[in-house]
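First the structure, in the form of structure tokens, and then the observations on it.
Please read these numbers as outputs of a predicted model, since none were measured by experiment. Just so it is clear: chains get the letters A, B, ... in the order the sequence lines come, proteins before strands, and each one is counted from 1.
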2 protein chains.
Amino acid sequence: MATMTAAQKREQARTDYDAFLRACPTNQLLDRLSDKWVSLVLAALSTGPMRYSDLSRKIAGVSPKMLTQTLRALERDGLVTRTVTPSVPVRVDYELTELGGSLAQLMTAVKTWAETHFDEVHAAREQYDAENA
Amino acid sequence: MATMTAAQKREQARTDYDAFLRACPTNQLLDRLSDKWVSLVLAALSTGPMRYSDLSRKIAGVSPKMLTQTLRALERDGLVTRTVTPSVPVRVDYELTELGGSLAQLMTAVKTWAETHFDEVHAAREQYDAENA
DNA sequence: TGAGGTAGGCACCTTCAGGTAACTACTTCC
DNA sequence: GGAAGTAGTTACCTGAAGGTGCCTACCTCA
């Protein structure tokens with residue numbers, strides 16, 4: 001029948017919306033940026049190329065698993081390059097591509113916003129918390 | 001003793017870094033933006049004020065729980081205002097503040113980047129997947 | 001000779017964010 | 001009179017992300 005319960009309609013809408021979101025480039029990029037480690041790796045590499053172990057030291061606290069996973073994802077998206085030098089202890093260098101560099105600039109814009117407006121957000125929070133004591 | 005195993009040093013570094021990240025305004029903002037529903041609510045409200053039920057319809061698929069949670073967080077950070085009109089079915093309007101508007105503009109910058117570079121990212125992915133077949 | 005570095009891979013395990021369902025209290029529409 | 005809307009709240013539950021530990025294989029330094 002043509003009639004659906006509200007729950008059924010919501011379910012249908014949810015499925016459609018999920019598909020829409022997965023196809024949306026903005027959403028996909030946000031998924032990338034939102035990754036805790038992606039932003040840190042981008043920031044670390046923005047000063048120049050780095051080796052795997054340099055990264056793991058600079059980004060203290062990252063597990064080898066997540067570092068590898070993050071780097072692979074960035075490499076797949078063409079944001080970093082991975083260069084293997086087959087010397088005796090193998091040496092692997094990671095470097096931002098031009099595309100990766102432009103994304104890092106975007107991150108800088110976010111950073112700038114955060115720094116200039118942080119006081120306002122902080123003040124709003126204190127006020128809100130005080131009012132809803 | 002002054003000597004620590006590598007694992008202990010990693011653990012220590014992780015704890016320190018976590019504290020550092022929680023204090024970092026950029027990271028806090030990224031946590032906000034990275035929230036799936038926050039970005040959608042911001043986008044929805046950028047066209048003008050909306051009622052609770054309008055939002056839940058426009059952002060199809062959001063559960064009432066998450067919508068409330070998201071709106072409360074945004075209100076707390078001073079990014080949206082919540083106005084209750086005590087008419088007979090109570091009416092609640094949500095609207096972006098000036099601060100929220102500036103954040104929405106930042107989101108627009110992200111959107112623009114995503115749209116202009118999506119093809120490059122997509123091409124890089126296809127190439128990567130082809131090479132690592 | 002064994003401890004640590006270099007660049008990860010693999011499998012298990014836990015946690016918690018977010019979804020689901022049910023409820024409020026009052027109203028209007030069919 | 002019951003179904004649906006308005007604006008949520010509360011309790012419960014699951015799935016997937018991410019952390020931990022253990023492994024390779026070769027090298028160097030003390």
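- In the set D/dG19, C/dA7, C/dT20, C/dT20 carries the atom at the smallest distance from any side-chain atom of B/Ser63.
- At the phosphate of D/dG8, OP1 or OP2 sits under 4.0 Å from a side-chain N or O atom of B/Arg82.
- A donor-acceptor contact closer than 3.5 angstrom is absent between the side chains of A/Thr83 and A/Tyr94.
- Judged by closest nucleotide on DNA chain D, A/Lys36 is the one of A/Lys36 and A/Pro89 placed further toward the 5' end.
- Listed candidates were C/dG18, D/dG8, D/dG19. Nearest to the side chain of B/Met66 is C/dG18.
- Take the nearest nucleotide of DNA chain D for B/Gln69 and for A/Trp37: the residue whose nucleotide is more 5' is B/Gln69.
- Protein atom CG of A/Leu67 is 11 Å distant from nucleotide atom P of C/dG9, rounded to whole Å.
- Using a 4.0 Å cut-off, no side-chain N or O of B/Arg91 falls inside it from OP1 or OP2 of C/dT27.
- Residue A/Tyr94 contributes atom OH, which lies 14 Å from atom P of C/dT6 at whole-angstrom precision.
- Distances from the side chain of B/Thr68 to the nucleotides C/dA7, C/dG8, D/dT9 place D/dT9 closest.
- With rounding to whole Å, B/Asp35 atom CG is found 14 Å from C/dC16 atom C1'.
- When every heavy atom of A/Leu33 is checked against every heavy atom of A/Ser39, the shortest pair comes out as O-CB, 4.2 Å.
- Separating the CE atom of B/Met50 from the C1' atom of D/dA7 is a distance of 17 Å, rounded to the nearest angstrom.
- To the nearest angstrom, P of D/dT24 lies 20 Å from NZ of A/Lys65.
- Between A/Trp113 and B/Ser102, the shortest heavy-atom contact is NE1-OG, 3.1 Å.
- Comparing atom distances between the B/Arg72 side chain and each of D/dG8, D/dG18, D/dA7 picks out D/dG8 as nearest.
- Of the candidates D/dT6, C/dG19, C/dG8, the closest approach to any side-chain atom of B/Ser53 belongs to D/dT6.
- If you check C/dG18, D/dA7, C/dA7 against the side chain of B/Arg51, the one that comes closest is D/dA7.
- The separation between A/Leu55 atom CG and C/dG8 atom P is 10 Å, rounded to whole Å.
- Of the candidate nucleotides D/dG8, C/dG19, D/dG18, D/dG8 has the atom nearest to the side chain of B/Tyr52.
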Show your working on salt bridge (Lys or Arg N to Asp or Glu O under 4.0 Å) between A/Asp129 and B/Arg76 and close with a plain yes or no.
CA-CA 8 Å; A/Asp129 290 348; B/Arg76 178 168 183 257; 2.9 Å; yes

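- In this structure, B/Asp93 places its CG atom 11 Å from P of D/dG8, rounding to the nearest Å.
- The shortest heavy-atom contact between A/Gly61 and A/Trp37 is O-CH2, 4.0 Å.
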